[in-house]
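Computed from a predicted model, the values in this text were never measured in an experiment.
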Amino acid sequence: MRRVVLTILMLLAVLLPQRSEAQYNRNYIYWVGQQCMVDNKYREAIDILNVLIRHDSKDFDAFFLRGIAKYNMDDLLGADADFSVAISLNPVFTGAFYYRAITRSRLGNYDDALNDFQQAIELRPDLPDPYYSRGVTRLLNQQFEAAITDFDKFIRYQKRHVAAYINRGTSYLYLKDTTKAYENFDMAIRTNREDPDAYNRRGALYMAQNRYEEARADFDMAITSDSSYLPGYFNRALVNNYLHRPMESLEDFNSVIALDPTSALGYFNRAIIRSEIGDYNRALEDFNQVATLSPQNVLVYYNRAMLHTRLGDIESAIEDYSRAIELYPDFANAYLGRGLLRRSQRDVLGAESDERIAQRKIAEYRSRLKDSTYSIYADTTLRLDKLLSFDSQLLERNFERIASTVTQAGENGLTLIPLFRFTFLKSDSTEQDHRTKRFNTQRVTDFRQKIDNPLLSLDCRASNIEPDSLVALDRTIARKIDEAETPTWEMLFERGISQALIKQYTNAVNTLSEAIHLNPANPFLYINRATTRAEMIDFISSIDNSYQTITLDSDPAKRLHNNSTRSYNYDEAIEDINKAIKLYPTFGEAYFNRANLMAISGKFPEAYDDYTKAIELEPNLGEAYYNRGLVQIFMKDTRKGCMDLSKAGELGILGAYDVLKEFNIAIH
C-alpha cells in the first residue's frame with residue numbers, strides 16, 4: 001500500500017486548501033515539510049511539522065502530513081492518531097479518511113478501515129485509489145466478491161495497473177474460479193512483461209495444478225525480469241524438487257539464502273533435500289541454523305532427530321524428539337520416534353511409556369478428525385519431512401516470540417534510555433540533537449549558575465569529551481580542591497562528576513557524600529550520587545559477567561533482566577532518589593531515574609507509575625515515553641507501549657521508530 005504515498009502528496013497541492021494567514025511563515029514551513037517527505041526524510045518532516053502544530057493546534061493539514069510521515073516509519077498507531085485529529089478538525093477531509101483507512105487495514109482493523117474507505121468514496125467518488133485500497137482490504141478480510149467489485153471499478157479508471165489484475169485474480173482464486181484467475185494473471189503479464197510478481201502468481205497456480213513445466217517457465221521469467229526476486233527462486237526450487245531435479249533445487253535454495261541469510265524456510269528446505277540425497281552432515285548444519293533462527297518450531301527438532309538417527313547419534317536424536325514433545329505435547333509421531341530409539345537403547349520402560357502415550361494421542365486424533373483445530377502432528381500417516389511452501393509459517397515473528405528470546409535488554413534494540421544526571425558535555429555543532437527542546441526549571445538553571453562550569457549539563461547522554469581530556473579535567477578539579485583552604489560543596493560536586501566519568505566510582509561516591517554532608521538540602525547532589533551508585537553496580541556486573549559488555553552510556557539501563565548468578569541491589573541508589581524527590585517533588589527527571597531502577601529490578605508496575613509522573617511534570621520528556629513504552633511492552637500491553645513509542649518518536653527520540661518496526665506486527 002506504500003504506492004499511494006506519492007499519489008497522496010501529488011494530490012495535496014490540488015485538494016488541500018491554501019490559507020491566507022502567514023504568521024511564522026506557515027506556508028514555507030509546510031512546504032519544507034512536504035519536500036522532506038518527497039525526499040523520504042520522514043524523521044526530519046516530523047520535526048518540521050511539530051513546529052506547525054505547536055504554533056497552531058488546529059492545523060489539520062499538519063496533522064495529516066505528520067500522519068503520513070509516521071505511517072512511512074511504520075508508526076501505525078501514531079499515524080492513526082494524527083489522521084483522527086485531522087478528521088476531527090476537518091470532517092470532510094477526504095485524504096485523511098483514505099489514509100486512516102489504509103493504516104487501519106495494515107493494523108488488521110478491517111471493519112473501521114472499510115468504514116473510512118466508504119467515507120472517502122462518498123466524499124470523492126471520482127477518485128480511483130480508494131476503490132483499489134478498499135479492494136485489498138476486502139481481500140485481506142476474505143470478502144472476495146466485494147473485493148472483485150472494487151477492483152473492477154478501479155480498473156475502469158486505471159487499465160494499466162498490474163497489481164489490480166493480480167489482486168483480482170487472487171480473489172477469483174479464493175472463489176475457486178481458476179479460469180478467471182488465469183485470465184487476470186495473463187492480463188497482468190500482458191500489461192507489464194517485466195513484472196516478476198505476475199509471472200510468479202501464474203506459476204504458483206500452475207504448480208498447484210501439478211503443471212510443473214509451465215510453472216518452471218513462469219518462475220524462469222520472474223527471475224529473468226528481476227534477478228533478486230526471492231519468491232521466484234524459492235518457487236522454482238519447489239518445482240525442481242517435484243521434477244526430481246535435486247541439484248537444481250539446491251542451487252535455487254542457495255540463491256534464496258544468499259538473498260536472505262535469515263531465511264529459516266530456505267535452510268529448512270535445503271536441509272530436507274540434502275538429507276534426501278545423503279548429504280547428511282551439511283543437512284545437519286542447515287537444521288542447526290534453522291533451530292537458531294526458529295527455536296520454537298517443532299518440525300525442526302523432529303526432522304533433525306531423524307537425521308541424527310541416520311548418523312547414529314541416538315542420544316542427540318532422543319534429545320530432539322524430547323524437545324519436539326516439549327514444544328508440542330500432543331505430537332504422537334515424536335513419541336513413537338523416541339520410543340523406538342529408547343527401545344534400541346534397552347530403555348524398555350521409557351519406550352513402553354512413549355508408545356502408550358502415542359497410541360492415546362492417535363486415538364484422540366482419530367476421534368476429532370472433524371475438528372480442524374486438532375493437530376495434524378498426531379497423524380502417523382502424514383509426511384512431516386516434506387518441503388514447505390514460501391508462505392509457510394515456519395518462522396512466526398510476534399511480540400511473545402521476540403520477548404522470549406531477549407535474555408538481556410540490549411538485544412533487538414530493547415534498551416532503556418539511561419538515567420539523567422549532571423555531567424560534562426561540550427557543545428558540538430556537528431552533533432545534532434533531534435529531541436524536542438526542553439527548558440531547564442529555574443531551580444536547575446540556578447544550580448548550574450552556582451557551579452559555574454560551562455561544561456555542566458543535565459542530560460542522559462554519555463559525555464562527548466574524549467577520555468584523555470576527562471582525565472585532565474579531573475586532575476584540574478583535584479588540584480583546585482587541594483589548593484583551597486576549605487573545599488566547597490561545589491568543588492566536591494564537580495570532582496564527583498569527573499571521577500564518575502573516568503569510572504572511579506567508589507571515589508566518586510565518597511566525594512559526593514562529602515558534598516552532601518556540606519549541603520544536605522540540595523536534591524541534585526543526591527541525584528548524582530544515585531546515578532553513580534547505579535553505574536558502579538553495573539560496572540561490577542560487567543566484571544562478573546564476561547559475556548556482557550557494559551558501556552558508560554548504557555549504565556544501568558541496559559539490563560531489564562539480569563541473568564547473572566549474582567543479584568545486584570539498587571536500594572541505596574533508589575533511597576538517594578527518594579531523598580531528592582522529597583527535597584524537590586516536581587523534579588521530573590528524578591521520577592524518570594527511579595522508574596529506570598525499578599524497571600531493571602523487574603518492578604514494572606512501579607516503573608510505569610514513575611514514568612507517568614515524570615511525563616506529568618515534563619510533558620516533552622520523550623525519554624520517559626520511550627522507556628514507559630518498553631515497560632508496557634514487557635508487561636504485554638503492546639498497543640499502549642507502541643503508542644508511547646510513537647509519542648517518543650514525535651518528541652525526537654530517534655530509536656523509537658526502530659523499535660516500532662520490530663513490534664509493528666504485535667499490535668494487530
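- Here Glu44 does not pair with Lys41 in a salt bridge; the nearest charged N to carboxylate O distance is not below 4.0 Å.
- Val256 has its side chain out of reach of Asp252: every pair of non-hydrogen atoms, C-beta onward, lies at least 4.5 Å apart.
- In plain terms, the two heavy atoms of His161 and Thr191 that are nearest each other are N-CG2, 4.3 Å.
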Criterion side-chain contact (heavy atoms from CB on, under 4.5 Å) on Met207 and Ser389, from CA distance to verdict: CA-CA 11 Å; Met207 184 165 59; Ser389 64; over 6 Å; no
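- The distance from the OG atom of Ser255 to the CG atom of Asp260 is 12.5 Å, given to the nearest 0.5 Å.
- Residues Tyr625 and Leu645 fail the side-chain proximity criterion, which asks for heavy atoms closer than 4.5 Å.
- Residues Leu114 and Asn141 meet the side-chain proximity criterion, which asks for heavy atoms closer than 4.5 Å.
- Stacking of Arg156 on the aromatic ring of Tyr131 is not recorded, the 6.0 Å distance cut-off and the 45° axial limit not both being met.
- Ser88 places a side-chain N or O within donor-acceptor distance of the main-chain N or O of Val85, the cut-off being under 3.5 Å.
- Using a distance-only test at 3.5 Å, with no hydrogens or angles considered, no donor-acceptor pair links the side chain of Asn241 to the main chain of Ala237.
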side-chain contact (heavy atoms from CB on, under 4.5 Å) between Trp31 and Asn27, intermediate numbers included: CA-CA 6 Å; Trp31 177 83; Asn27 288 338; over 6 Å; no
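- Inter-residue side-chain proximity for Arg168 and Lys180 is flagged as unmet; no heavy-atom pair is nearer than 4.5 Å.
- A salt bridge links Asp82 with Lys70; the closest basic N to acidic carboxylate O contact falls under 4.0 Å.
- Counting heavy atoms of neighbouring residues, nucleotides and ligands inside a 6.0 Å radius, atom CD of Gln209 exceeds 12 of them.
- To the nearest 0.5 Å, atom CG of residue Leu123 and atom CD of residue Gln118 are 10.0 Å apart.
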Chi angles and distances behind the side-chain contact (heavy atoms from CB on, under 4.5 Å) call for Thr137, Asp150: CA-CA 10 Å; Thr137 300; Asp150 275 338; over 6 Å; no
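- Summarising the geometry, atom OG1 belonging to Thr179 is positioned 11.0 Å from atom CG belonging to Leu173; distances are rounded to the nearest 0.5 Å.
- Side-chain contact check for Ile272 versus Lys386: every heavy-atom pair is 4.5 Å or farther apart.
- One distance of note links CG of Leu651 with CG of Asn620; it measures 5.5 Å at 0.5 Å rounding.
- By the 4.0 Å N-to-carboxylate-O rule, Asp197 lies close enough to Arg201 to be salt-bridged with it.
- With salt bridges taken as basic N to acidic carboxylate O contacts below 4.0 Å, none links Glu650 and Arg54.
- Ser646 and Asp75 are linked by a side-chain donor-acceptor pair at a separation below 3.5 angstrom, with hydrogens and angles left out of the test.
- Not one N or O on the side chain of Asp80 forms a donor-acceptor pair closer than 3.5 Å with the backbone of Leu76.
- Between Asp56 and Lys58 no salt bridge is recorded (no basic side-chain N to carboxylate O distance below 4.0 Å).
- Here Val298 pairs with Ala324, Tyr328, Phe331, Tyr377 under the side-chain contact (heavy atoms from CB on, under 4.5 Å) rule; sequence neighbours left out.
- Between Tyr132 and Phe154, the ring-plane angle classifies as tilted under the 30° and 60° cut-offs.
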Salt bridge (Lys or Arg N to Asp or Glu O under 4.0 Å) assessment of Arg43 paired with Asp47: CA-CA 7 Å; Arg43 174 63 261 169; Asp47 290 340; 2.5 Å; yes
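- Side chains of Tyr199 and Phe185 form no contact here, defined as non-hydrogen atoms less than 4.5 Å apart.
- Of the possible polar contacts, one joining the Ser225 side chain to the Met221 backbone as a donor-acceptor pair under 3.5 Å is found.
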Pair Asn40-Tyr42, side-chain hydrogen bond (donor to acceptor under 3.5 Å, both in side chains): steps then yes or no: CA-CA 6 Å; Asn40 297 323; Tyr42 301 113; 2.8 Å; yes
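- Remark: Lys159 engages Tyr165 in a side-chain contact (heavy atoms from CB on, under 4.5 Å) (not counting sequence neighbours).
- Across all non-hydrogen atoms, the minimal contact from Asp286 to Ala271 is CB-CB, 3.5 Å.
- At distances below 3.5 Å, at least one donor-acceptor pair connects side-chain atoms of Asn72 with backbone N or O atoms of Ile68.
- Among Phe60, Tyr99, Tyr71, the one residue that satisfies the ring-ring contact (aromatic ring centres under 6.0 Å, His included) test with Phe83 is Tyr99.
- The CZ atom of Arg628 sits 10.5 Å away from the CG atom of Asp637 when rounded to the nearest 0.5 Å.
- Between Pro125 and Tyr157, the closest heavy-atom pair is O-OH, 3.6 Å.
- With values rounded to the nearest 0.5 angstrom, Thr224 atom OG1 is found 9.5 Å from Glu194 atom CD.
- In this structure, Met37 and Ala69 approach most closely via the heavy-atom pair CE-N, 3.6 Å.
- Judged purely by atom type and a 3.5 angstrom limit, Tyr626 has no side-chain atom pairing as donor or acceptor with the backbone of Gly649.
- Legend: residues meeting ring pair (Phe, Tyr, Trp, His ring centres under 6.0 Å) with Tyr182, ordered by chain and number and at least two apart, are Tyr206.
- Between Tyr98 and Phe117, the two ring planes are tilted [angle within 30° to 60°].
- Shown here for Ala215 and Val239, the closest heavy-atom pair between the two residues is CB-CG2, 4.0 Å.
- Checking side-chain atoms of Asn627 against main-chain N and O of Leu416 turns up no donor-acceptor pair under 3.5 Å.
- Counting heavy atoms from C-beta outward, Leu388 and Asn269 have side chains that approach closer than 4.5 Å.
- The pair Asp112-Arg100 does not count as a salt bridge, with every side-chain nitrogen at least 4.0 angstrom from each carboxylate oxygen.
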Test side-chain contact (heavy atoms from CB on, under 4.5 Å) applied to His55 and Arg26, step by step: CA-CA 9 Å; His55 280 84; Arg26 183 261 182 196; over 6 Å; no
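- The aromatic rings of Tyr174 and Phe144 sit parallel, their planes meeting at an angle under 30°, below the 60° perpendicular limit.
- Of all the heavy atoms in Ile148 and Leu175, the pair that sits closest is CD1-CD1, 3.6 Å.
- Arg270 is not listed as a side-chain neighbour of Gln289, based on a closest heavy-atom distance of 4.5 Å or more.
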